[in-house]
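First the structure, in the form of structure tokens, and then the observations on it.
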There are 2 protein chains.
Amino acid sequence: MRVLILGGDGYLGWPTAMYFSKRGDEVAVVDNFAKRRWELEDGIEPLVRIPSLHERVRLWKRVSGKQIDLYAGDICNARFIYKVMEKFRPEAIVHYGEQPSAPYSMESLGTAVYTQTNNVVGTLNLLFAMRSFTPEAHLVKLGTMGEYGTPNIDIEEGWITINHNGRTDTVLYPKKPGSFYHLSKVHDSANIEFACRIWKTAATDLNQGVVYGIDTDETRLHPDLLTSFHYDHVFGTVLNRFLVQAATGRKLTVYGKGGQTRGFLNIRDTIQCVALACDNPARAGEFRVFNQFTEQFSVMDIADKVVATAARAGLKVDIDHLPNPRVELEEHYYNAKHSKLVDLGLQPNLLTDSMLDQMFATVRANTGRVQDEVIMPTIKWSQENPRK
Amino acid sequence: MRVLILGGDGYLGWPTAMYFSKRGDEVAVVDNFAKRRWELEDGIEPLVRIPSLHERVRLWKRVSGKQIDLYAGDICNARFIYKVMEKFRPEAIVHYGEQPSAPYSMESLGTAVYTQTNNVVGTLNLLFAMRSFTPEAHLVKLGTMGEYGTPNIDIEEGWITINHNGRTDTVLYPKKPGSFYHLSKVHDSANIEFACRIWKTAATDLNQGVVYGIDTDETRLHPDLLTSFHYDHVFGTVLNRFLVQAATGRKLTVYGKGGQTRGFLNIRDTIQCVALACDNPARAGEFRVFNQFTEQFSVMDIADKVVATAARAGLKVDIDHLPNPRVELEEHYYNAKHSKLVDLGLQPNLLTDSMLDQMFATVRANTGRVQDEVIMPTIKWSQENPRK
């Protein structure tokens, strides 16, 4: 299968590219390296330095004998993505090529507008390019569980059947996203569903939970084939931050009460899910939605797990409750369905003690590079932020 | 009240500005004249030529003795709208300042991307400018009934209470828009609702039906205070097109079966509704949605009314069914609630025979300017269109 991976320099894009390449698919990656620029804006680096994408592609050739094609450019430039699509003619497009941080999108008017235009326009360009060059291709778009918010009813997988005043319809699940970033993903989903209706585009929207983990079978083939690990307040996720805090003798910073509950999954399962979607494509005209996570935890659940992990390593760690920089419910009902990927064959890698111990060991081996200044949240949802 | 009207050069913006000015409010209008440029792109003009906004503002001063402030600029330029907001400090902002045509948005990748970025970025800039300078102001945003699509259940006013698996929540009504334009309005609504949640913005989203009518009390004060009347396939609406076709001896062009049912209202009622919203503002943090129309008709209902109107004037008119250029249901359930504006005091002006006769007389007096080439639809939802 010819698989085009948008955002191939990213945390998930690079391991996904290696996975498909390893198993024999023809793989091309696209990236404009915007993420590395956003990191420079905020003075942030991943815990371990990541070689350039060109270097990793060259190294991958040496290690695996396989070629990954690299297209450097911006999908917000329609001419660029049209040319890539015309030349590579993918059968599946895995679309990670978006600005992925909620705090970044909340930093200023500039970053809010940038996030929404970048994400929405890139995807619109892609949809039109698919229509022109690969109308039969399958779009596998990464969304986020955060699009749903925390409704007081069960979260279904994308669609919900509503009975109302004696009549029934099946409609897109009503969403309540919690940042300008999450809103951009909702806008994207709506645009894609429309393309499926009018152009018979085949699309799978993967509403992903919080991803953790560093290693995949392919990243382990060579130290420089690694992917990024962010623990900072802009691009980091809660488990990563807690592991770094625990490894460096800091308190774990829980935002508010810590009852915020979300879906989580291992990076290996992201790759499994994306592969399952590609291998079992949506039908022409189908807008298919999967909720992509394996377990639900509250922030306090995660904090307790990290405290226990540190204890197993002989470290005592405390928990601190910060004023929540976000506007979100800190105690709420949360029951999100996630059976469709399991039905396709997903074998979950759960957040076991041994998984936590392994991540904690990797973090401890790299604490020398931890930057103190990027851990505490400075971007606030409801207040004035420094202008960017 | 200080009322800022965005899109003040438009079909609805100009009569709205005169209405508030006449009754004694302090009024400023903003426009970047983009609509006049889009008309030039497609070789389209309103049935009657419209003087420039500067001319109409000067004439209004002479006729009414009232001053309307004019700010010429683009709200997609954040610096511009920040300066307007800082200087004028509106208490109410009536936001018509968007690209309003579904066919225009479906013409090409360029017009789709333009429509979504123009509409979404302009509104984001406005929300941030409100937060900075007028956090207490009331945003009255024009949406469209087309955001809802044609669901098989009753359409509620913005929010719906869902019972699901034994639990209940009140959520934003799930939408299924039918063009990249309609999608842009859905994106906007979602962004505004979020601003209400995090910044306590007060907003009213007016999901408006198809507006008809030419005259208001203020446009009648002088021939050059008129507003635009579009009958073309890009900016025209169905009733206008049918009236022009009937007045010029053409057949009425019904798209497909003509069972497409929509809400309609008179331009006088648009102004009434906007004024009712401004005079009864949303609370801080409230995202209030009203469905703004007074009657439901199918396309065939409208065609039959125009045939009867022409017959009263002694003209025989036939109906032709064209292949539908849009992707939409041509027969469907449609029951949209619209009681909230009536509860606030709306006194509907209905589509009576005398209203139709009056519009038909105006159209017949101006048939000399009808351009044949702009009536038939050339923009198709599912097929390749000429690139723009």
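All chains are named by letter (A, B, ...) in the order of the sequence lines, taking the proteins before the strands, and each is independently numbered beginning at 1.
Here the side chains of Asp169(A) and Thr161(A) are not in contact, with every heavy-atom distance at 4.5 Å or above.
Remark: side-chain polar atoms of His332(A) are paired, donor with acceptor, to backbone N or O of Thr261(A) under 3.5 angstrom. The backbone N or O of Glu86(A) lies less than 3.5 Å from a partner atom in the side chain of Arg89(A), making a donor-acceptor pair. Under the 3.5 Å distance criterion, the side-chain polar atoms of Ser132(B) are left unmatched by any main-chain donor or acceptor of Ala129(B).
Contact annotation for Glu328(B): neither backbone nor side-chain heavy atoms come within less than 4.5 Å of a heavy atom of chain A. Heavy atoms of Phe180(A) lying under 4.5 Å from chain B belong to its backbone as well as its side chain. Heavy atoms closer than 4.5 Å to chain B are found nowhere in Asn163(A), neither backbone nor side chain. For chain B, the nearby part of Glu156(A) is the side chain; its heavy atoms alone come within less than 4.5 Å.
Heavy-atom pairs under 4.5 Å with chain A peak, among Ser179(B), Gly149(B), Ala78(B), at Ser179(B). Here Ile160(A) is the residue among Val171(A), Ile160(A), Leu172(A) with the most heavy-atom pairs under 4.5 Å with chain B. Heavy-atom pairs under 4.5 Å with chain A were tallied for Gly166(B), Ala195(B), Pro177(B), Ala112(B); the largest tally goes to Pro177(B). For the set Val186(B), Leu183(B), Val327(B), the entry with the most heavy-atom pairs within less than 4.5 Å of chain A is Leu183(B). When the candidates Thr117(B), Asn191(B), Val121(B) are compared by the number of heavy-atom contacts under 4.5 Å with chain A, Asn191(B) comes out ahead. Between chain B and the options Glu193(A), Gln116(A), Arg197(A), heavy-atom pairs under 4.5 Å are most frequent for Arg197(A). Interface check for chain A: of the options Asn125(B), Thr170(B), Val120(B), the most heavy-atom pairs under 4.5 Å are formed by Asn125(B). Interface summary for chain A: among Leu127(B), Ile162(B), Asn335(B), the most heavy-atom pairs under 4.5 angstrom belong to Ile162(B).
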Side chain to side chain contact (heavy atoms under 4.5 Å, CB included) between Glu147(B) and Met145(B), worked out = CA-CA 5 Å; Glu147(B) 293 177 45; Met145(B) 288 299 295; over 6 Å; no

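Aromatic ring centres of Tyr173(A) and Tyr148(A): separated by under 6.0 Å.
More than 12 heavy atoms of other shown residues, nucleotides or ligands fall within 6.0 angstrom of atom NZ in Lys337(B).
Checked by atom type, the side-chain pair Ser184(B)/His187(B) shows no donor-acceptor distance below 3.5 Å.
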